Amino acid sequence: MRISVSSDMDEPVARLLLDELRRRGHDVRPHGALRPGADAQWAACSEAAAREVADGAADQAVVCCWTGTGASIAANKVPGVRAALCTDAATADGARRWNDANVLALSLRLTSEPLLKEILDAWFAAEPSDDPEDRQNVAHVGRLDATRTDSRRS
């Protein structure tokens with residue numbers, strides 16, 4: 001799987017994330033502080049990783065900043081992206097299952113090595129739900145993206 005990864009800081013957990021994703025066999029595309037010369041501001045690098053998902057250049061993304069909040073907000077501004085800030089494995093499972101999240105947002109401050117592995121295990125094990133109500137909700141979010149894009153053209 002092609003996974004874009006961004007971080008606004010070159011923190012040990014961000015480097016561990018790159019290593020762990022590669023160890024799991026993923027093709028990792030770094031952004032921000034993880035790529036020399038790239039814009040490391042959380043808004044810019046999170047957008048870059050999320051845009052690769054929206055454009056089909058990556059299957060998923062993981063965006064990181066100190067709290068994870070800014071990274072998730074920036075990623076969610078990209079139409080077609082459903083970013084979820086996950087601080088535990090249960091939230092990661094639910095984000096993939098019920099929300100069909102395609103971008104995982106992580107806090108550099110809160111995420112330890114064992115927790116990172118638990119979150120990634122849950123994220124990659126979960127499949128999007130086939131439940132009609134869940135699919136309707138995801139479709140509704142997609143329509144919100146389309147409405148936002150159309151209003152910008154006016």
Side-chain angles (χ1 to χ4, degrees), residues 1-130 134-135 137-138 141-142 144-145 148-149:
M1 184 181 301
R2 295 167 302 172
I3 302 178
S4 292
V5 178
S6 71
S7 181
D8 64 340
M9 294 184 285
D10 190 355
E11 291 288 312
V13 71
R15 288 291 168 181
L16 177 65
L17 172 62
L18 293 177
D19 293 343
E20 184 63 22
L21 290 170
R22 288 180 179 125
R23 187 188 69 72
R24 293 172 185 237
H26 300 293
D27 174 18
V28 178
R29 299 161 178 249
H31 295 275
L34 304 174
R35 192 176 88 210
D39 189 341
Q41 299 220 18
W42 60 262
C45 65
S46 298
E47 177 197 1
R51 196 160 299 285
E52 286 192 344
V53 173
D55 293 345
D59 302 300
Q60 294 182 5
V62 183
V63 295
C64 306
C65 68
W66 192 242
T67 64
T69 306
S72 66
I73 290 170
N76 274 316
K77 295 295 182 180
V78 177
V81 167
R82 293 174 304 282
L85 175 56
C86 298
T87 57
D88 58 58
T91 303
D93 174 77
R96 288 285 300 132
R97 188 175 314 281
W98 301 311
N99 311 127
D100 194 6
N102 53 11
V103 174
L104 170 63
L106 296 173
S107 166
L108 296 170
R109 183 180 74 81
L110 295 176
T111 309
S112 65
E113 180 176 348
L115 183 57
L116 174 66
K117 291 178 181 180
E118 290 172 9
I119 290 170
L120 293 176
D121 287 345
W123 180 266
F124 291 120
E127 293 289 331
S129 170
D130 288 331
D134 296 333
R135 299 313 313 155
N137 278 307
V138 171
V141 170
L144 292 173
D145 279 342
R148 185 174 63 198
T149 303

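Positions are given from 1 along the sequence. Keep in mind that the numbers below use all heavy atoms, side chains included, and drop hydrogens, waters and symmetry copies. These numbers come from a predicted model, not from an experiment.
In terms of heavy atoms, Asn76 sits closest to Ala83 at OD1-N, 2.8 Å. Minimum heavy-atom separation, Ser6 to Leu34: C-CD1, 4.3 Å. Between Gly68 and Ala105 the shortest heavy-atom distance is O-CB, 3.9 Å.
Here SG of Cys86 is found 12.0 Å from CG of Leu116. Values are rounded to the nearest 0.5 Å. The CH2 atom of Trp66 lies 13.5 Å from the CG atom of Leu106; values are rounded to the nearest 0.5 Å. If you take NE2 on His31 and OG on Ser7, they are separated by 12.0 Å, rounding to the nearest 0.5 Å. Atom-to-atom distance recorded for Asp59:CG and Asp27:CG is 9.0 Å, nearest 0.5 angstrom. The line from CG of Leu104 to SG of Cys64 is 7.5 Å long, rounded to the nearest 0.5 Å. Here CG of Leu115 is found 9.5 Å from CG of Leu120. Values are rounded to the nearest 0.5 Å.
Arg82 meets the salt bridge (charged side-chain N to carboxylate O under 4.0 Å, His left out) test with Asp100; sequence neighbours excluded. Annotation: salt bridge (charged side-chain N to carboxylate O under 4.0 Å, His left out) contacts of Asp121 (sequence neighbours excluded): Arg24. Shown here are the side-chain hydrogen bond (donor to acceptor under 3.5 Å, both in side chains) partners of Asp88, two or more places apart in sequence or in another chain: Thr91. With sequence neighbours left out, Ser129 forms a side-chain hydrogen bond (donor to acceptor under 3.5 Å, both in side chains) with Asp134. Annotation: salt bridge (charged side-chain N to carboxylate O under 4.0 Å, His left out) contacts of Arg109 (sequence neighbours excluded): none. For Ala101, the side chain to side chain contact (heavy atoms under 4.5 Å, CB included) partners are Ala84, Ala95, Trp123, not counting sequence neighbours. Remark: Glu113 engages Lys117 in a side-chain hydrogen bond (donor to acceptor under 3.5 Å, both in side chains) (not counting sequence neighbours). Residues passing the side-chain hydrogen bond (donor to acceptor under 3.5 Å, both in side chains) test with Ser72, sequence neighbours excluded: none.
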Side-chain donor-acceptor contacts of residues 8-18 below 3.5 Å, not counting sequence neighbours, with atom names and distances?
residue, atom, partner, partner atom, Å
Asp10, OD1, Arg15, NE, 2.8
Asp10, OD2, Arg15, NH2, 3.2

Please tabulate, for side-chain N and O atoms in residues 42-50, each donor-acceptor pair with protein atoms closer than 3.5 Å (sequence neighbours left out).
residue, atom, partner, partner atom, Å
Ser46, OG, Trp42, O, 2.7
Glu47, OE2, Arg51, NE, 3.2
Glu47, OE2, Arg51, NH2, 2.8

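Among pairs with a residue in residues 7-29, those fulfilling ring-ring contact (aromatic ring centres under 6.0 Å, His included) read His26-Phe124, at least two apart in sequence or across chains. Pairs of residues two or more places apart, or lying in two chains, never qualify as ring-ring contact (aromatic ring centres under 6.0 Å, His included) while including a residue from residues 84-111.
Judged by distance alone, the side chain of Thr67 and the main-chain N or O of Ser107 form no donor-acceptor pair under 3.5 Å. Judged by distance alone, the side chain of Asp145 and the main-chain N or O of Gly80 form a donor-acceptor pair under 3.5 Å. When atom types are taken as modelled, the side chain of Arg35 and the backbone of Arg29 share no donor-acceptor pair closer than 3.5 angstrom. Put simply, the side chain of Asp55 never gets that close to the backbone of Ala57: no donor and acceptor are under 3.5 Å apart. Put simply, the side chain of Asn102 never gets that close to the backbone of Val81: no donor and acceptor are under 3.5 Å apart.
Between Pro128 and Arg97, every side-chain heavy-atom pair lies at or beyond the 4.5 Å cut-off.
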